[in-house]
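Here is the structure we will look at, set down as structure tokens.
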Amino acid sequence: MSSRLVGVGVGPGDPELVTVKGVNALREADVVVVPVMDTMERGRAEATVLHYVPEEKVVRVVFALNERSDRGRREAAWDAAGGRVAELLRAHDAVAFATIGDPNVYSTFTYLAQTIAELVPGTVVETVPGITAMQDLAARSGAVLTEGTEPLTLVPVTAGAAVLKDALAGPGTVVAYKFGRQAHEVAEALRETGRLADAVWGSALGLPEESVRPAAELDDTPLPYLSTLIAPARREGGRGGKL
């Protein structure tokens, strides 16, 4: 029988936001891999997983998650991580990989699955969807993501503030991920496009250090890397105006 690699979305941090299917996948797996940075400190995914499985079942694998400038080093880290997970798949029938948010939305799991397809041909790869930070922030802030025919645009600000500004100039709601290190540029883009007043940002959602604030309060102070922003669509015409 082929081994199974299951990417499990464990949500943005609040352990109560892991789906029943996600919990079952974690518990049914022989081992649960969690990604960590070079420091080997406990990450958000691991902290969430430990609410549902014993610590001895969890395996930390280094993914150099914060490496963006040195592609060679990043690729080497992915190869090493893939090799470690390949070892686990050869020894076990089912390996789960826990990722914050959703495994198909800006997730390290995508790169791992590609590597495993080469290292362990025949491995069955599955994913269990998870609640995303934009959904959680919308719930905690009261921001409505979409109505009627409005589009929804998701932008990683690591692609550059110009990409965000282009999205803000268009219609619909704009969500920005990973903007903490460019908070000042994000505030300027919101101001220049007239989208500042209704925008909201949040970080550490569901955790003791949670912060959910109006985007109008953004300044030059650096924010956590995994901060999320929602700039709701301009809505006119009353209830159902975009139908």
Side-chain angles (χ1 to χ4, degrees), residues 1-68 71-136 154 156 158 177-178 226:
M1 290 179 61
S2 300
S3 294
R4 289 191 307 127
L5 175 63
V6 186
V8 181
V10 296
D14 184 345
E16 293 186 347
L17 291 180
V18 184
T19 67
V20 174
K21 187 170 184 176
V23 172
N24 289 339
L26 294 173
R27 290 176 173 169
E28 291 168 2
D30 299 304
V31 295
V32 178
V33 172
V34 293
V36 296
M37 296 189 291
D38 295 350
T39 57
M40 289 295 286
E41 295 178 353
R42 179 173 292 170
R44 195 175 298 184
E46 180 179 0
T48 304
V49 165
L50 290 176
H51 283 265
Y52 299 105
V53 300
E55 190 168 3
E56 58 267 22
K57 188 174 178 177
V58 176
V59 177
R60 293 180 180 178
V61 176
V62 176
F63 276 85
L65 299 172
N66 61 345
E67 178 58 69
R68 294 188 56 81
R71 179 168 182 172
R73 181 175 176 276
R74 185 173 68 245
E75 296 269 359
W78 288 347
D79 288 343
R84 178 70 179 106
V85 174
E87 292 175 359
L88 294 171
L89 283 165
R90 295 184 184 108
H92 300 282
D93 292 331
V95 174
F97 178 89
T99 178
I100 59 172
D102 183 279
N104 293 306
V105 180
Y106 298 130
S107 171
T108 306
F109 181 73
T110 301
Y111 313 124
L112 175 63
Q114 293 172 355
T115 304
I116 291 301
E118 298 176 0
L119 296 178
V120 192
T123 298
V124 176
V125 177
E126 304 171 357
T127 58
V128 177
I131 292 173
T132 62
M134 64 177 165
Q135 293 169 287
D136 197 10
L154 176 59
T158 47
Y177 275 2
K178 305 176 184 179
L226 291 177

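Along the sequence shown, the residues carry numbers beginning at 1.
- Looking at residues two or more places apart in sequence or on another chain, you find a side-chain contact (heavy atoms from CB on, under 4.5 Å) between P15 and T48, H51, Y52.
- For residues 118-131, the pairs satisfying salt bridge (charged side-chain N to carboxylate O under 4.0 Å, His left out) are R4-E126, with sequence neighbours left out.
- Nearest heavy-atom pair, P35 versus A98, reported as atom, atom and distance to 0.1 Å: CD-O, 3.2 Å.
- With sequence neighbours left out, P54 forms a side-chain contact (heavy atoms from CB on, under 4.5 Å) with E56, K57.
- Residues passing the side chain to side chain donor-acceptor pair (under 3.5 Å) test with S107 are T99, sequence neighbours excluded.
- Note that the CD1 atom of I131 and the CG atom of L17 stand 4.5 Å from one another [nearest 0.5 Å].
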Chi angles and distances behind the side chain to side chain contact (heavy atoms under 4.5 Å, CB included) call for V32, V8
CA-CA 10 Å; V32 178; V8 181; over 6 Å; no
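- Within the structure, no pair that satisfies the salt bridge (charged side-chain N to carboxylate O under 4.0 Å, His left out) test touches residues 16-33, not counting sequence neighbours.
- For R44, the side-chain contact (heavy atoms from CB on, under 4.5 Å) criterion is met by I100, L207, L226, not counting sequence neighbours.
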Please tabulate, one pair per line, all N/O donor-acceptor pairs under 3.5 Å involving side-chain atoms of residues 79-89, not counting sequence neighbours.
from, atom 1, to, atom 2, distance (Å)
R84, NH1, E87, OE1, 3.3

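- A ring-ring contact (aromatic ring centres under 6.0 Å, His included) check over residues 108-134, counting only residues at least two apart or in different chains, returns the pairs W78-Y111, F97-F109.
- For T127, the side chain to side chain donor-acceptor pair (under 3.5 Å) criterion is met by N104, not counting sequence neighbours.
- Nearest heavy-atom pair across P12 and A133 is CB-CA, 4.0 Å.
- Residues satisfying the side-chain contact (heavy atoms from CB on, under 4.5 Å) test with V105, not counting sequence neighbours, are D102, L154, Y177.
- Not a single salt bridge (charged side-chain N to carboxylate O under 4.0 Å, His left out) links R90 to another residue, sequence neighbours left out.
- Taking every heavy atom of both residues into account, P103 and P129 meet most closely at CD-CA, 4.3 Å.
- In this structure the side chain of T108 never reaches within 4.5 angstrom of the side chain of L112, judged on heavy atoms.
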